[in-house]
Amino acid sequence: MARLNDDKIINLNISKKDFEEIYLHGDQGSLFFSPTVKGKLITTIVVAVILLVLFYFKDDLSKEKFGILYFVSFLFLLCAVYLSLAINKVSKWKKEVVKYLKTLENTEIYQIQFNAKVFKVNLNDNKETSLWTEFTAAEISEKFIGLEGKFNYMFPKKSMQEADFELLKQAVQTNVLK
């Protein structure tokens with residue numbers, strides 16, 4: 001860690017593997033079993049099974065109860081649309097993550113610089129600057145620190161020194177999670 005005036009600078013040691021562990025852990029990148037899609041998939045399957053059962057017994061339905069078949073068909077279509085939107089969202093997210101991870105392969109400079117008001121990230125001289133107030137959410141875990149706002153970031157603990165991780169953790173707690 002280096003200091004310029006009141007700014008604190010953290011240089012990240014880039015290992016693509018460390019970032020992959022954070023971004024693609026568990027089923028996070030799976031199109032059908034990611035947390036975003038899983039519930040919608042299960043709901044769609046349940047509605048499809050109900051619809052199949054109703055189709056199987058449709059001859060036993062009276063004319064008054066035949067509307068149930070139309071209603072469940074509509075529910076199935078609605079579930080299928082929401083499922084496809086969720087899969088599309090995960091697919092786009094995964095493509096962005098893979099693209100970002102590829103940029104890390106050739107990265108020479110990955111630096112975090114911050115003070116009491118401003119947070120900057122320098123990735124191969126592509127600098128992104130945010131005010132701390134522009135971050136809407138943050139997550140601190142044993143493995144990473146994540147920030148969401150104008151720009152979204154996830155910094156693996158493995159990519160920095162322990163003292164730098166604690167310094168960033170303290171800054172995020174003070175400025176975002178206050």
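Numbering of residues begins at 1 and proceeds along the displayed sequence.
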Non-hydrogen atoms of [X] and [Y] that approach each other most closely:
| X | Y | result |
| --- | --- | --- |
| Thr36 | Ala86 | O-CB, 4.2 Å |
| Pro156 | Asp18 | CG-O, 3.8 Å |
| Glu134 | Thr129 | OE1-O, 4.4 Å |
| Glu108 | Asn124 | N-OD1, 2.8 Å |
| Val90 | Ser30 | CG1-O, 3.8 Å |
| Trp132 | Ala116 | CD1-O, 3.4 Å |

Open item on the list: Would Leu12 and Asp164 count as a side chain to side chain contact (heavy atoms under 4.5 Å, CB included) here? Give the steps.
Closed with: CA-CA 9 Å; Leu12 297 177; Asp164 291 341; over 6 Å; no
Nearest 0.5 Å, what's the [atom1]-[atom2] distance between [X] and [Y]?
| X | Y | atom1 | atom2 | result |
| --- | --- | --- | --- | --- |
| Lys99 | Leu104 | NZ | CG | 13.0 Å |
| Ser84 | Lys40 | OG | NZ | 11.0 Å |
| Leu51 | Tyr56 | CG | OH | 15.5 Å |
| Met154 | Phe144 | CE | CZ | 3.5 Å |
| Glu148 | Phe135 | CD | CZ | 10.5 Å |
| Ile14 | Lys158 | CD1 | NZ | 16.0 Å |

Open item on the list: Taking the six-membered ring of Phe165 as reference, does the cationic atom of Lys157 (NZ for Lys, CZ for Arg) lie under 6.0 Å from its centre and within 45° of its axis?
Closed with: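 Relative to the ring axis of Phe165, which defines the angle, Lys157 lies inside both limits.
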Is there a side-chain contact between [X] and [Y], using heavy atoms and a 4.5 Å cut-off?
| X | Y | value |
| --- | --- | --- |
| Leu147 | Asn152 | no |
| Leu168 | Phe119 | yes |
| Lys120 | Ile112 | no |
| Ser91 | Leu31 | yes |
| Ile109 | Leu123 | no |
| Asn126 | Asn122 | no |

Open item on the list: Under a 3.5 Å distance rule, please check whether Ser141 uses its side chain to pair with a backbone N or O of Lys143 as donor and acceptor.
Closed with: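 Side chain of Ser141 to backbone of Lys143, a donor-acceptor pair under 3.5 Å: yes, one is there.
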Using the rule that Ile, Leu, Val, Met, Phe, Trp and Tyr join whenever any side-chain heavy atoms are under 4.5 Å apart, tell me whether [X] and [Y] fall into a single cluster.
| X | Y | value |
| --- | --- | --- |
| Tyr70 | Phe76 | yes |
| Leu78 | Ile87 | no |
| Val72 | Phe74 | no |
| Phe55 | Phe71 | yes |
| Ile45 | Phe33 | yes |

Open item on the list: Please determine whether a side-chain nitrogen of the Lys or Arg among Lys92 and Glu96 lies less than 4.0 Å from a carboxylate oxygen of the Asp or Glu.
Closed with: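 No salt bridge links Lys92 with Glu96.
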More than 12 non-hydrogen atoms from neighbouring residues, nucleotides or ligands closer than 6.0 Å to [atom1] on [X], yes or no?
| X | atom1 | value |
| --- | --- | --- |
| Glu105 | CD | yes |
| Glu128 | CD | yes |
| Lys127 | NZ | no |
| Phe151 | CZ | yes |
| Lys89 | NZ | no |

TODO: Show your reasoning for whether side chain to side chain contact (heavy atoms under 4.5 Å, CB included) applies to Phe114 and Ile9.
DONE: CA-CA 7 Å; Phe114 59 91; Ile9 297 175; over 6 Å; no
Task: Plane angle bin for Phe19 and Tyr100 - parallel if under 30°, tilted between 30 and 60°, otherwise perpendicular - done: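 Answer is perpendicular, since the angle exceeds 60°.
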- [ ] Give me the ring orientation class for Phe155 and Tyr153: parallel if the planes are under 30° apart, tilted from 30 to 60°, perpendicular past 60°.
- [x]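 Plane angle under 30°, so parallel.
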- [ ] Go through the steps to decide whether Glu20 and Leu101 satisfy the test side chain to side chain contact (heavy atoms under 4.5 Å, CB included), and finish with yes or no.
- [x] CA-CA 7 Å; Glu20 283 175 343; Leu101 292 174; 3.5 Å; yes
- [ ] Decide side chain to side chain contact (heavy atoms under 4.5 Å, CB included) for Asn115 and Lys8; before the verdict, give the C-alpha distance in whole Å, the side-chain angles of both, and the deciding distance to 0.1 Å.
- [x] CA-CA 6 Å; Asn115 58 33; Lys8 293 161 186 74; over 6 Å; no
